[in-house]
**Q** 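My questions will all concern the structure given below.
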Amino acid sequence: MTQPTIRRRLAWQGPSWSLLEAELVYPDGVVLRRGLIDHPGSVLLVPLLGETVLLLRQYRLALDRTILELPAGTRRPDEPWEACAQRELGEETGYRAGRLESLGAIWLAPGLSNERMALFLARDLQPDPLPGDRDEAIELTRLPLAELVRRALDGELEDAKSGLAVLRAAVRLGGLAPA
């Protein structure tokens, strides 16, 4: 497959990501314009406190509703992934992980964005609150991991990144056998 020539221009610059307009020029002369999000990356955590997982009920503007999700956040440019994970955990839950275990990484929406999200299991939690972001209205809640696995599998946990991370954490912890 022949790849097009791509020209990009900045359409909007936000505090943490950019909206680019891309012009794709194909060898046969066809020109297409597309928008894409240029993102520095993000993290998501499965914070385990005993047998329960710390979750957030958080209002999401794009959905105009409050959803249940795991703590997550945007990485600062050149910020180490683990440092970002600890910062987001402190800001959103008030805890610091004594141990962070990688659960891999995912592309969140490759048709729209280059955002790569690193997933972590956060264990040995200790209180260490950090000030939260001004635009986040968060209610902290706890649910047993087994309950979250059930919700992820039956579609009740609608946030895809949270559902996948819960399932990966359950496999890591031996509570769910891979097929």
**Q** Under 4.5 Å between side-chain heavy atoms, hopping through other hydrophobics if needed: is there a path connecting Val30 to Ile6?
**A** yes
**Q** Answer with yes or no whether the hydrophobic clustering places Leu20 together with Ile37; edges join I, L, V, M, F, W, Y residues whose side-chain heavy atoms lie under 4.5 Å apart.
**A** no
**Q** Would you mind reporting whether Leu56 and Leu68 have side-chain heavy atoms less than 4.5 Å apart?
**A** no
**Q** Find the distance between CG (Leu48) and CZ (Arg99) and round it off to the nearest 0.5 Å.
**A** 9.5 Å
**Q** Please list, chain by chain and in numerical order, all residues satisfying ring-ring contact (aromatic ring centres under 6.0 Å, His included) with Trp107, sequence neighbours excluded.
**A**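 Testing Trp107 for ring-ring contact (aromatic ring centres under 6.0 Å, His included), a comparison that skips the adjacent residues, returns none.
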**Q** Looking only at heavy atoms, which two atoms of Ser18 and Gln13 are closest? And how far apart?
**A**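 Looks like OG-OE1, 2.7 Å.
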**Q** Is there side-chain contact between Leu49 and Thr93, with heavy atoms separated by less than 4.5 Å?
**A** no
**Q** Taking all atoms of both residues into account, what is the closest heavy-atom pair of Arg87 and Thr74, and its distance?
**A**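 The pair with the smallest heavy-atom distance is NH2-O, 3.0 Å.
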**Q** Checking Glu23 side chain against Val31 main chain: does a donor-acceptor pair fall under 3.5 Å?
**A**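 Judged by distance alone, no pair lies under 3.5 Å.
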**Q** Output the distance between atom CG (Leu100) and atom CZ (Arg123), rounded to the nearest 0.5 Å.
**A**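 The distance works out to 11.5 Å.
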**Q** State the CG-CD distance between Leu157 and Glu147, to the nearest 0.5 angstrom.
**A** 10.0 Å
**Q** Output, in order, the C-alpha distance, side-chain angles, deciding distance and verdict of side-chain contact (heavy atoms from CB on, under 4.5 Å) for Val149 and Leu167.
**A** CA-CA 6 Å; Val149 166; Leu167 296 176; 4.1 Å; yes
**Q** Using every non-hydrogen atom in the two residues, find where Ala97 and Ala122 come nearest and quote the distance to one decimal.
**A** CB-CB, 3.8 Å
**Q** Walk me through whether Glu156 and Arg150 qualify under salt bridge (charged side-chain N to carboxylate O under 4.0 Å, His left out).
**A** CA-CA 8 Å; Glu156 194 178 330; Arg150 184 195 63 76; 3.2 Å; yes
**Q** Considering all heavy atoms of both residues, which atom of Leu70 and which atom of Ala165 are nearest to each other, and what is their separation?
**A** CD1-CB, 3.9 Å
**Q** Dump the intermediate steps for side-chain contact (heavy atoms from CB on, under 4.5 Å) on Leu145 and Val166, then the final yes or no.
**A** CA-CA 8 Å; Leu145 179 59; Val166 161; 4.1 Å; yes
**Q** Any side-chain heavy-atom pair from Leu148 and Val46 closer than 4.5 angstrom?
**A** no
**Q** Are side-chain heavy atoms of Leu55 and Ser162 found at a separation under 4.5 Å?
**A**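 When only atoms from C-beta onward are counted, Ser162 and Leu55 do not touch, as no gap falls below 4.5 Å.
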**Q** Please find the pair of heavy atoms, one from Asp38 and one from Trp17, that lie closest to each other, and give the distance.
**A** O-CB, 3.3 Å
**Q** How far apart are the closest heavy atoms of Trp81 and Arg116, and which atoms are they?
**A** CH2-O, 3.7 Å
**Q** Would you indicate whether the side-chain heavy atoms of Arg65 and Ile67 approach each other to under 4.5 Å?
**A** yes
**Q** Out of curiosity, does Leu112 fall in the hydrophobic cluster containing Leu19 (side-chain heavy atoms, cut-off under 4.5 Å, transitive links)?
**A** yes
**Q** Do Phe120 and Leu89 belong to the same hydrophobic cluster, where Ile, Leu, Val, Met, Phe, Trp and Tyr are linked whenever their side-chain heavy atoms lie under 4.5 Å apart, directly or via other members?
**A**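 As far as the 4.5 Å side-chain criterion goes, Leu89 and Phe120 are connected within one cluster.
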**Q** Looking at OH of Tyr59 and CD1 of Ile138, how far apart are the two atoms once the value is rounded to the nearest 0.5 Å?
**A** 14.5 Å
**Q** Quick one: does Pro71's side chain get under 4.5 Å of Glu88's, heavy atoms only?
**A** no
**Q** Within the structure provided, determine whether Glu51 and Pro144 are in side-chain contact (heavy-atom separation under 4.5 Å).
**A**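 Heavy-atom side-chain distance check fails, nothing below 4.5 Å.
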**Q** To the nearest 0.5 Å, what is the distance between CE on Met117 and CG on Leu164?
**A**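 The CE atom of Met117 sits 10.5 Å away from the CG atom of Leu164.
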**Q** Mind checking the CG-CZ spacing from Leu119 to Arg172? Nearest 0.5 Å is all I need.
**A** 10.5 Å
**Q** One thing to verify: whether Glu115 and Lys161 come together as a salt bridge, which I'm taking to mean a side-chain N less than 4.0 angstrom from a carboxylate O.
**A** no
**Q** Tell me, with the steps shown, if Leu173 and Leu121 meet side-chain contact (heavy atoms from CB on, under 4.5 Å).
**A** CA-CA 10 Å; Leu173 296 168; Leu121 178 60; 3.9 Å; yes
**Q** For Arg96 and Asp128, indicate whether the former's side chain and the latter's backbone hold a donor-acceptor pair under 3.5 Å.
**A** no
**Q** With a 4.5 Å cut-off on side-chain heavy atoms, are Arg168 and Ile106 touching?
**A** yes
**Q** Is Leu143 reachable from Val171 through a run of I, L, V, M, F, W or Y residues, each pair having side-chain heavy atoms under 4.5 Å apart?
**A**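 Yes, it is one cluster - the side chains of Val171 and Leu143 are joined through contacts under 4.5 Å.
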**Q** What's the verdict on side-chain contact (heavy atoms from CB on, under 4.5 Å) for Val25 and Arg7, showing C-alpha distance, side-chain angles and the deciding distance?
**A** CA-CA 8 Å; Val25 182; Arg7 293 187 285 253; 3.2 Å; yes
